[in-house]
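Just dropping this structure here.
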Amino acid sequence: MSIQTPPKPSPVRQAERAGERVERTAAFEALARAGFVARGVIYGVIGILAIKLAVGAGGKTASQSGALRTIAHQPFGKLLLIVVAVGLAGYSLWRLTRALLGHGPEASDSGFDRVAAFASGIAYALICAIAVEILLGSSTSSNPKHPTAGVLGWPAGTWIVGLAGAALCGVGAYQGYRGISKDFLHDSKTEEMSPRVRKWISRVGTFGHLARMVVFGLIGVFLISAAVNYNPSTAVGIDGALAKLASHSYGSYLLGIVAAGLVAFAVYSLSDARYRRI
């Protein structure tokens, strides 16, 4: 009787198994957790700058790239930016790995989770690329042409911009759901938290996610407006969304609340570096 050998796994399955082995290493986990620290630093800088603007202390609104430039201008800024860039790379790699594999050692991801992980991984890879450009001194323009202007000129460009705006409105709504329902706690090792720590993480996480809801929602609305009116100047990023808040009645109060929420999200991100299920 001949002994049949099991079929050789497909190249895709072999790649998945290799990815699973890497994902379970201590080095990969450390790199992913460093990414949460980097995310917290960026949101913290954006929030602090916006708070200074809200209270009239000479601050300014900032996007992720603006936050990175602010970090670069601090004492030992280049070293700090290198650390942040490594963290961003780690966060992006972790999110893309989760999108590819669909699960980690402690959790199981749905199809929606994998799509969200892929989008997040790409977004933070782009932010990491901006950090590298700043380190190399090749990102010096303070008033670059808004990318929406170029996209609107593409075939079906208005639809692309409009759909991107609708997607960001959806992201904002999801952030609001996560904050109100405290769904974000499902991603954390709550069993390792004391009751007091869990209560504070729950509070800052809720506040932070609601602030992100406002920011992403505003960016989405203005992208849709840019598509409908075929006017790229109406499209904004995080800095523009915060500036729009400041320009309204009681704008300084609204900006202060949202800015404080972004700082809260930064604190929540730092807690993720300790308690997130990787």
Side-chain angles (χ1 to χ4, degrees), residues 39 42-43 46 49-50 60-69 85 88-89 91-93 95-96 98-100 110-134 136-178 209 211-248 251 254-255 258 262 265:
R39 187 181 72 174
I42 291 174
Y43 272 96
I46 293 173
L49 290 175
K60 59 182 180 179
T61 57
S63 61
Q64 292 98 329
S65 60
L68 292 171
R69 291 188 181 91
L88 290 171
Y91 186 83
S92 174
L93 179 61
R95 296 297 280 163
L96 292 173
R98 290 297 289 267
L100 173 65
S110 66
F112 176 82
D113 291 329
R114 295 177 71 171
V115 172
F118 178 77
S120 176
I122 293 298
Y124 279 92
L126 293 174
I127 298 172
C128 179
I130 293 172
V132 173
E133 286 184 352
I134 294 172
L136 296 177
S138 59
S139 182
T140 58
S141 174
S142 59
N143 294 299
K145 183 180 178 181
H146 201 288
T148 305
V151 176
L152 283 175
W154 295 356
T158 54
W159 284 99
I160 294 173
V161 173
L163 289 173
L168 281 171
C169 287
V171 170
Y174 181 62
Q175 294 295 310
Y177 161 76
R178 296 255 298 170
H209 280 85
R212 294 227 301 174
M213 175 191 70
V214 173
V215 173
F216 285 125
L218 285 174
I219 296 172
V221 167
F222 286 112
L223 275 177
I224 292 173
S225 175
V228 171
N229 299 313
Y230 202 78
N231 183 4
S233 65
T234 60
V236 299
I238 288 181
D239 51 348
L242 295 175
K244 294 289 184 181
L245 283 176
S247 66
H248 284 74
L254 293 173
L255 177 59
V258 173
L262 294 178
F265 188 79

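Quick note: numbers below take in every heavy atom, side chains included, and nothing from hydrogens, waters or symmetry partners. None of the values given here were measured: they were computed from a predicted structure. For the single chain, residues carry numbers from 1 onward in sequence order.
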P232 versus A226, closest heavy-atom pair with distance: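 P232 and A226 have their closest heavy atoms at CA-CB, 4.3 Å.
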Pair I122-L96, side-chain contact (heavy atoms from CB on, under 4.5 Å): steps then yes or no: CA-CA 8 Å; I122 293 298; L96 292 173; 4.2 Å; yes
Nearest atoms (heavy-atom pairs only) where I127 meets L68: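 Smallest heavy-atom distance, with atoms named: O-CD1, 3.6 Å.
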Spacing of CD belonging to E133 relative to CZ belonging to R69, to within rounding of 0.5 Å: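 That separation rounds to 8.5 Å.
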Non-hydrogen atoms of C169 and I224 that approach each other most closely: SG-CD1, 4.2 Å
Exercise: identify the closest heavy-atom pair between A227 and G162: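 That would be CB-N, 3.6 Å.
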Residue pair L262 / A211: nearest heavy atoms and the distance that separates them: N-CB, 3.8 Å
Approximate separation, where rounding is to 0.5 Å, of R39 CZ and S120 OG: 7.5 Å
Separation of H248 NE2 from L254 CG (nearest 0.5 Å): 8.5 Å
Cation-pi geometry met for R95 and Y124 (6.0 Å, 45°):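 Output no; distance or angle outside limits.
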Flag, side chain of Y230 to backbone of T158, donor-acceptor distance under 3.5 Å: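 No, because the side chain of Y230 does not come within donor-acceptor range (under 3.5 Å) of the backbone of T158.
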Enclosure of F118 CZ (heavy-atom neighbours >12, cutoff 6.0 Å): no
Stepwise side-chain contact (heavy atoms from CB on, under 4.5 Å) test for L136 and V132: CA-CA 6 Å; L136 296 177; V132 173; 3.9 Å; yes
Pair L242-L49, side-chain contact (heavy atoms from CB on, under 4.5 Å): steps then yes or no: CA-CA 11 Å; L242 295 175; L49 290 175; over 6 Å; no
Any donor-acceptor pair under 3.5 Å from R114 side chain to L100 backbone: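 Yes, R114 side chain to L100 backbone: donor-acceptor pair under 3.5 Å.
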Heavy-atom donor-acceptor pair, S247 side chain to K244 backbone, under 3.5 Å: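 Yes, because the side chain of S247 sits within donor-acceptor range (under 3.5 Å) of the backbone of K244.
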M213 and Y177: CA distance, side-chain angles, deciding distance, side-chain contact (heavy atoms from CB on, under 4.5 Å) verdict: CA-CA 9 Å; M213 175 191 70; Y177 161 76; over 6 Å; no
Closest contact, heavy atoms only, I219 versus A241: CG1-CB, 3.9 Å
Interatomic spacing from CD1 in I238 to CD1 in I46 - rounded to 0.5 Å: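 One finds 4.5 Å between CD1 of I238 and CD1 of I46.
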Test applied, side-chain contact (heavy atoms from CB on, under 4.5 Å); reference residue, L218; option that passes from L168, L245, V236: L245
